[in-house]
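To start, the structure itself, in structure tokens.
All figures in this text were calculated on a predicted structure; none of them were measured in a lab.
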Amino acid sequence: MRIFLAGASGVIGVRLVRLLIDSGHEVAGMTRTPEKIEMLGALGADPILCDVFDAHGLRDAVGSFRPQVVMHQLTDLPDDAERIPEREVANARIRREGTRNLLAAADAAGTLRFFAQSVAWDLGGDAGEAVAELERGVLEIGGVVLRYGQFYGPETYHPDEVPPHPRVHIDEAARRTVGALDVPSGVLLLVEK
């Protein structure tokens, strides 16, 4: 399949690019960071430099690739977990405006399937409302919401310890995501038992 992966240079995005390419899919890997373009190309993706908040540029990028699947793995989180509260507004914006822009671009391109990253726990407050808005938008168009547990493993906020439930190892989350490309519309819970 032709898969447009927004957030391809993130912690799960890089793993997804590798697994999708290894499975024979053609992947357009979108990042807003120019320094990550070369890395995405080296992984075998068609690197796309685009900001999800540039609705017209995004529509052109998705439309040019003509994907069968659009996968939204975008977040706006800091490298340091203690600074997450500082990024709450930016991350909520990705979930709201970024998701709307990606949904519109996928629709304009005639994309058949849409997947979006969500969380398997209640964030509360505005962050929780942003998650609910993301999920509603994705489900309204017949997409799939991927509710991940807290990631742990290399390059996550929990590289050396296992966080409380709900949780999922980052590599297992990526494998299960690639294995879910043909699931029906709805919510898919990606957590450890």
Side-chain angles (χ1 to χ4, degrees), residues 4-16 30-33 36 50-59 61-62 70-108 111 113-153 155-159 161-170 173-174 176-177 180 183 185-192:
F4 188 96
L5 176 56
S9 62
V11 173
I12 192 166
V14 168
R15 288 165 169 83
L16 288 170
M30 185 184 108
T31 184
R32 64 179 171 181
T33 309
K36 295 185 178 178
C50 186
D51 191 314
V52 74
F53 300 122
D54 174 5
H56 296 294
L58 183 63
R59 187 175 293 220
V62 174
V70 168
M71 189 174 292
H72 173 358
Q73 293 287 348
L74 294 165
T75 60
D76 195 340
L77 296 169
D79 292 335
D80 180 357
E82 291 182 13
R83 299 187 69 200
I84 290 174
E86 297 171 24
R87 301 299 304 179
E88 188 173 300
V89 171
N91 206 35
R93 182 179 179 216
I94 286 263
R95 288 182 170 135
R96 286 187 171 109
E97 184 182 341
T99 300
R100 284 193 304 268
N101 289 348
L102 233 105
L103 286 167
D107 181 58
T111 302
R113 305 273 296 159
F114 193 96
F115 292 79
Q117 180 186 130
S118 187
V119 295
W121 65 95
D122 183 14
L123 295 175
D126 186 60
E129 290 174 21
V131 167
E133 190 174 322
L134 174 150
E135 291 189 357
R136 267 193 312 275
V138 171
L139 294 173
E140 282 172 3
I141 59 99
V144 177
V145 171
L146 303 165
R147 281 189 190 158
Y148 294 109
Q150 295 182 81
F151 293 147
Y152 70 95
E155 301 157 2
T156 70
Y157 291 142
H158 307 281
E161 76 279 350
V162 178
H165 289 287
R167 65 182 179 230
V168 63
H169 192 281
I170 188 70
R176 288 174 62 187
T177 300
V183 300
S185 174
V187 174
L188 183 61
L189 194 60
L190 296 159
V191 300
E192 290 181 352

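The side-chain contact (heavy atoms from CB on, under 4.5 Å) check on I141 picks up L103, F114, with sequence neighbours excluded. Legend: residues meeting side chain to side chain donor-acceptor pair (under 3.5 Å) with T31, ordered by chain and number and at least two apart, are S9.
At most 12 non-hydrogen atoms from other residues, nucleotides or ligands lie less than 6.0 angstrom from CD of E82.
The OG1 atom of T33 sits 9.5 Å away from the CG atom of D51 when rounded to the nearest 0.5 Å. Interatomic distance, CZ of R15 versus CD1 of I170, reported as 5.0 Å (0.5 Å rounding). Considering CG of L188 and CZ of F115, their distance stands at 8.5 Å, rounded to 0.5 Å. Taking CG of L123 as the start and CD of E88 as the end, the distance is 8.0 Å to the nearest 0.5 Å. I84 CD1 to L77 CG: the interatomic distance, rounded to the nearest 0.5 Å, is 6.0 Å. Here the CD atom belonging to Q117 is positioned 9.5 Å from the CG atom belonging to L16, to the nearest 0.5 angstrom.
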### Task
Start with the C-alpha distance between E135 and T99, add both sets of side-chain angles, then the distance that settles side chain to side chain contact (heavy atoms under 4.5 Å, CB included), and finish with yes or no.
CA-CA 9 Å; E135 291 189 357; T99 300; over 6 Å; no
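Annotation: side chain of Y157 is not in contact with side chain of V11 (no heavy-atom distance under 4.5 Å). Using a 4.5 Å heavy-atom cutoff, the side chains of H72 and N101 are not in contact. Put simply, the side chain of M30 reaches to within 4.5 Å of the side chain of V52, judged on heavy atoms. Using a 4.5 Å cut-off on side-chain heavy atoms (C-beta onward), Y148 and R176 make no contact.
Contact between L134 and A116 at its shortest, heavy atoms only, is CD2-CB, 4.1 Å. G98 and F53 make their closest contact through N-CE2, 3.8 Å (heavy atoms, listed as atom of the first residue, atom of the second, distance). Nearest heavy atom pair, residue L5 against residue G13, reads CD2-O, 3.7 Å. Contact record, I12 with T177: CD1-OG1, 4.5 Å, taken as the closest heavy-atom pair. Looking at every heavy atom in both residues, A106 comes nearest to V70 through CB-CG2, 3.8 Å. When all heavy atoms of W121 and G149 are compared, the pair lying nearest together is CZ3-C, 3.6 Å.
Put simply, the residue from V131, T75, L146 that forms a side-chain contact (heavy atoms from CB on, under 4.5 Å) with V119 is V131. The residue from D76, D79, D80 that alone fulfils the salt bridge (charged side-chain N to carboxylate O under 4.0 Å, His left out) condition with R87 is D76. For the ring pair (Phe, Tyr, Trp, His ring centres under 6.0 Å) with Y152, the qualifying choice from H158, H165, H169 is H169, the only one to do so.
Among residue pairs with one or both ends in residues 92-102, those qualifying as salt bridge (charged side-chain N to carboxylate O under 4.0 Å, His left out) are R93-E97, R96-D126, R96-E133, R100-E133; sequence neighbours excluded.
At least one donor-acceptor pair closer than 3.5 Å links the side chain of S185 to the backbone N or O of G143.
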